[in-house]
Amino acid sequence: MQIRRLVPDDAQAYRALMLEAYERHPEAFTSTATERAALPLSWWETRLDASPQAAQVVLGGFDGDRLAGTAGLLFETREKSRHKASLFGMYVAPSSRHAGFGRQLVLAALAQAAARDGVKLVQLTVTQGNAAAQALYVQCGFASFGVEPFAVAVGGVFLGKIHMWRSLDPPA
């Protein structure tokens, strides 16, 4: 797998992969496939802003020339919270799972966050019951710090989100 930052030219492939993610795993995302499918391609292109200090960075994992996985970072812009980034949109296509792609994407996102001046930690949420994703995040150094009950409603069922974080500072 080759991992690189996605740019606006990748918007169509990124959109297709994320719509697949929302459709296959509605419990894992706060957005729905219907909501995101309604957005114009320009929205997806804007999310892939290639400027050095973009508020969002999306990494893509390529299996050959096919986009097979993504992981995004949202950098806080407010003065009191600029030290934080949030991991979002983590997804690996089923045909590319169990080969370490997810771990590579998370580690690449952590490296991207660490390279941003002033960023001290990365946080994320994972749906309660998604043991595989939670285990991946723990393997990458994340720790949970709470559960948000009733975080998302999927098909009339309410699911909680586990909040996790990881320091980017080297251990003392």
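Here the structure is a predicted model, which means the values were calculated and not measured.
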Leu168 with Tyr137, same ILVMFWY side-chain cluster at under 4.5 Å: yes
Quick check for you: to the nearest 0.5 Å, what is the distance between Arg5 atom CZ and Asp49 atom CG? 6.5 Å
Quick one: OG1 on Thr127 to CD1 on Ile162, what's the gap to the nearest 0.5 Å? 8.5 Å
Please check if Leu105 and Val58 belong to a single hydrophobic cluster, counting links between Ile, Leu, Val, Met, Phe, Trp and Tyr side chain heavy atoms closer than 4.5 Å. no
Does the side chain of Pro94 come within less than 4.5 Å of Arg24's, by heavy atoms? yes
How far apart are the closest heavy atoms of Gly141 and Arg166, and which atoms are they? O-CG, 3.4 Å
With heavy-atom distances below 4.5 Å as the criterion, would you say the side chains of Phe142 and Leu110 are in contact? yes
Greater than 12 external heavy atoms within 6.0 Å of Phe150's CZ: no
Mind listing the closest non-hydrogen atom pair of Thr77 and Ala55 along with its distance? CG2-CB, 4.4 Å
Beyond-backbone contact of Val57 with Phe75, side-chain heavy atoms, under 4.5 angstrom: yes
Would you say the side-chain atoms of Ser167 pair up with the backbone N or O of Asp169, donor to acceptor, closer than 3.5 Å? yes
Nearest-0.5 Å distance that lies between atom CZ in Phe101 and atom OG1 in Thr70: 13.5 Å
Evaluate the criterion side-chain contact (heavy atoms from CB on, under 4.5 Å) for residue pair Trp43 and Leu41; output intermediate values, then yes/no. CA-CA 5 Å; Trp43 182 89; Leu41 188 61; over 6 Å; no
Could you check Phe62 against Ile3 for side-chain contact (heavy atoms from CB on, under 4.5 Å), going step by step and ending with a plain yes or no? CA-CA 6 Å; Phe62 290 82; Ile3 297 175; over 6 Å; no
Does CD in Glu35 sit with more than 12 non-hydrogen atoms of other residues, nucleotides or ligands closer than 6.0 Å? yes
Min side-chain heavy-atom separation Gln123-Leu87 under 4.5 Å: no
Looking only at heavy atoms, the pair that brings Ala93 and Leu17 closest together is CB-CD1, 4.1 Å
Please state whether the rings of Tyr14 and Trp44 are parallel, tilted or perpendicular, taking 30° and 60° as the class boundaries. perpendicular
State yes or no: do Val122 and Met90 share one hydrophobic cluster built from I, L, V, M, F, W and Y residues joined by side-chain heavy-atom distances below 4.5 Å, directly or via other members? yes
Could you check whether Glu20 and Tyr91, counting side-chain N and O atoms only, form a donor-acceptor pair closer than 3.5 Å? yes
Tell me whether Lys84 contacts the main-chain N or O of Leu74 through its side chain, where contact means a donor paired with an acceptor under 3.5 Å. no
When you group the ILVMFWY residues by side-chain heavy-atom contacts below 4.5 Å and let the links chain together, are Val106 and Leu67 in the same group? no
So Arg15 and Leu19, do their side chains get closer than 4.5 Å, heavy atoms only? yes
Run Ser95 and Arg66 through side-chain contact (heavy atoms from CB on, under 4.5 Å) and show every step you take. CA-CA 11 Å; Ser95 62; Arg66 180 181 63 90; 3.2 Å; yes
Flag the pair Leu59 / Gln112 as yes when at least one side-chain heavy-atom distance between them is below 4.5 Å, and no otherwise. yes
Donor-acceptor pair, distance only, cut-off 3.5 Å: does the side chain of Arg82 make one with the backbone of Val119? no
Less than 4.0 Å between a side-chain N and a carboxylate O, is that true for Arg4 and Asp10? yes
Counting C-beta onward and ignoring hydrogens, is there a side-chain heavy-atom pair between Thr32 and Tyr22 closer than 4.5 Å? no
To check you understand the geometry: which heavy-atom pair defines the closest contact between Gln104 and Ala99, and what is its length? NE2-O, 4.3 Å
Could you walk me through whether Val138 and Met164 pass the side-chain contact (heavy atoms from CB on, under 4.5 Å) test, one step at a time? CA-CA 9 Å; Val138 168; Met164 303 182 82; 3.7 Å; yes
Members sharing Val152's hydrophobic cluster, built from side-chain contacts under 4.5 Å between Ile, Leu, Val, Met, Phe, Trp and Tyr, are Val154, Val157, Leu159
Rounding to 0.5 Å, atoms CG (Asp63) and OG (Ser96) come to a distance of 4.0 Å
From Leu107 CG over to Cys140 SG, what is the distance, rounded to the nearest 0.5 angstrom? 4.5 Å
Distance, nearest 0.5 Å, that separates CZ of Arg116 from CD of Gln53: 4.5 Å
Ser31 to Arg36 - nearest heavy-atom pair and separation: OG-NH2, 3.0 Å
Any side-chain heavy atom of Leu124 sitting closer than 4.5 Å to one from Phe88? no
Give a yes-or-no answer on whether the side chains of Glu148 and His163 include a donor-acceptor pair shorter than 3.5 Å. yes
